Colleague: 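Please find one structure pasted underneath; my questions will follow.
The first residue in the sequence is number 1, and the count goes up from there. Values reported hereafter were calculated over all heavy atoms of this structure, with side chains retained and with hydrogens, waters and symmetry mates removed. What you see is a predicted model, and the numbers here were worked out from it, not measured in a lab.
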Amino acid sequence: MNNISSTINTIESPPFTVTLYTDQNSQPCRAVEILCQLLNINYDRKEVNALQAETREESFKKLNPFCSLPTLTISLNQDNMNNQDQNLVPSFTLFESHAIMRFLCRLASPKEIGETGENNTFQNVYPMAHLLNYKNMSTEIENMSSETKVMNEFFWAPLKLTSKVDQYLEWHHLNIRAYTSPIIHGFLFLEFGTNLPKSLKNEIIETKIKPFHTQLQDGLGLIENYFLKKEKEQKPQLLATEASQSERSAGSPLAEKTFLCSSEFLTIADLSAGCELYHLYCYGYPFVELGYKKIVHWLHHLEEIKPFKDVHKSLISRGNEFKKKYYEELQMLL
């Protein structure tokens, strides 16, 4: 069987270059970068410091008039393309992290990811990206026995999973990021402030963090009690880990929701939500004390994914220092 590296080595170099403009402090940027690594997408990384207003510089505005990160550009590699190819595949720029992640899932075909190897589960981060049209599959479906149709669900199960992912991504901005982002900005006020008097620290907690902390509780409650709730489900015909295969053979009627949209498969919904909430977790946000034990378990599971842990290394280190320095102030959130 071909492993991931040998599969990639048999493919010609792509006729384009992927460039990611990113900021290590940005949760959506980290989500996109983790996805690139999971899907084995080669990319040029350009660090842009939003805190120093580098996204407001004219050179960046020409690239992205929204002045936002992450920003992705696809540039043609002139050496690998003939004139006809250049007319077919124009260069372009893409922004908004969810749009970028969906695009990357479509860009990285299963052949490029590899059909076997330790990262095979990550082919399912957005499974409908490569699924054939239902009408084109009808002949194959008719040739299957009725029992096999039910057991495999090779069309409807991926369709359901991808729809659940889309549902979360549409919900995310107004129910999670709308509140985590200002909380994190408040943490940054504290982190980069020097010799702040205690009264100012308390004021930052009360005015910059607490109001959004209160509003975030509804969203956290839905993640804890809806997205991570045990559920009965028929297993899709998707790649699975050895652990999930053993769970399936055990025949448990209730599946543990290891991930937001599935009991088995990491998706881009987990990356989007995970990077937001893991930032809070690293900085001492009291998830456990507030009763969100499932969220903490889910975040610990994400930590076991190497690209997720690698991209968050500096944040983990900074968070440890922040928790020591602002332990008393963090207790005000309880």
Side-chain angles (χ1 to χ4, degrees), residues 28 31-41 70 72 94-115 119-138 140-141 144 148-177 219 222-223 226-241 244-245 247-248 255-276 298 301-302 305 307-308:
V32 170
E33 195 156 3
I34 292 166
L35 182 63
C36 285
Q37 295 180 25
L38 291 176
L39 298 182
N40 292 311
I41 293 176
L72 190 83
L94 191 62
F95 22 95
E96 293 300 322
S97 61
H98 292 172
I100 291 173
M101 288 195 287
R102 287 180 175 117
F103 168 77
L104 292 173
C105 290
R106 297 177 180 116
L107 180 68
S109 70
K111 287 184 179 180
E112 289 172 320
I113 300 169
E115 295 183 356
N119 288 336
N120 59 7
T121 304
F122 305 133
Q123 291 186 39
N124 304 313
V125 289
Y126 197 61
M128 288 297 289
H130 305 291
L131 199 61
L132 296 175
N133 182 280
Y134 178 76
K135 292 181 179 179
N136 295 334
M137 301 171 71
S138 59
E140 184 175 352
I141 291 174
M144 301 169 68
T148 306
K149 291 180 191 177
V150 175
M151 294 303 292
N152 280 278
E153 293 192 3
F154 68 95
F155 177 79
W156 286 112
L159 177 61
K160 175 186 174 183
L161 177 55
T162 304
S163 298
K164 290 287 187 180
V165 172
D166 287 335
Q167 174 183 263
Y168 176 82
L169 295 178
E170 298 301 323
W171 178 82
H172 172 82
H173 284 295
L174 293 180
N175 295 279
I176 296 298
R177 181 158 173 76
L222 284 169
I223 289 181
Y226 173 72
F227 288 104
L228 292 174
K229 182 181 178 181
K230 287 184 179 182
E231 65 174 18
K232 290 183 179 180
E233 67 173 9
Q234 290 178 300
K235 305 300 183 181
Q237 183 68 11
L238 299 172
L239 295 173
T241 61
S244 64
Q245 289 171 348
E247 289 168 5
R248 179 159 45 223
E256 289 284 356
K257 290 292 290 296
T258 305
F259 301 109
L260 292 184
C261 300
S262 169
S263 60
E264 296 183 75
F265 304 111
L266 174 81
T267 71
I268 56 178
D270 295 284
L271 298 184
S272 184
C275 287
E276 294 287 339
W298 164 66
H301 198 74
L302 293 179
I305 299 169
F308 190 93

Colleague: Report the distance from atom CG of Leu39 to atom CD1 of Ile268, rounding to the nearest 0.5 Å.
Modeller: 9.5 Å
Colleague: Can any side-chain N or O of Thr258 pair as donor or acceptor with the backbone N or O of Ser263 at less than 3.5 Å?
Modeller: yes
Colleague: CD of Gln167 to NZ of Lys164: how many Å apart, nearest 0.5 Å?
Modeller: 5.0 Å
Colleague: With a 4.5 Å cut-off on side-chain heavy atoms, are Leu38 and Leu266 touching?
Modeller: yes
Colleague: What distance do Met101 atom CE and Ile34 atom CD1 have between them, rounded to the nearest 0.5 Å?
Modeller: 9.5 Å
Colleague: Whether the side chain of Ser163 engages the backbone of Leu159 through a donor-acceptor N/O pair (distance < 3.5 Å, no angle test) should be reported.
Modeller: yes
Colleague: Less than 4.5 Å apart, any side-chain heavy atom of Leu222 and any of Asn175?
Modeller: no
Colleague: Between Cys36 and Leu104, which heavy-atom pair has the shortest distance, and what is it?
Modeller: SG-CD1, 3.6 Å
Colleague: At what distance, to the nearest 0.5 angstrom, does NE2 of His98 lie from CZ of Arg177?
Modeller: 8.5 Å
Colleague: Rounded to the nearest 0.5 Å, what separation is found between the CD atom of Glu264 and the CG atom of Leu161?
Modeller: 10.0 Å
Colleague: Heavy atoms only: give me the nearest Cys261-Ala269 pair and the separation to one decimal.
Modeller: SG-CB, 3.9 Å
Colleague: Within a strict 4.5 Å, meaning less than it, do heavy atoms of the Phe259 and Thr267 side chains meet?
Modeller: no
Colleague: Could you measure the distance from the CD atom of Glu33 to the CD1 atom of Ile100? Nearest 0.5 Å is fine.
Modeller: 11.5 Å
Colleague: Hey, is the main chain of Leu260 close enough, under 3.5 Å, to the side chain of Asp270 for a donor-acceptor pair?
Modeller: yes
Colleague: Using the ring centroid of each side chain, check whether Trp171 and Phe227 are separated by less than 6.0 Å.
Modeller: yes
Colleague: State, to 0.1 Å, how close Glu276 and Ser272 come at their nearest heavy-atom pair, and which atoms those are.
Modeller: CG-O, 3.4 Å
Colleague: Does any part of the side chain of Tyr168, heavy atoms only, come nearer than 4.5 Å to the side chain of Ile223, both counted from C-beta?
Modeller: yes
Colleague: Do the side chains of Leu35 and Cys105 get nearer than 4.5 Å, heavy atoms only?
Modeller: yes
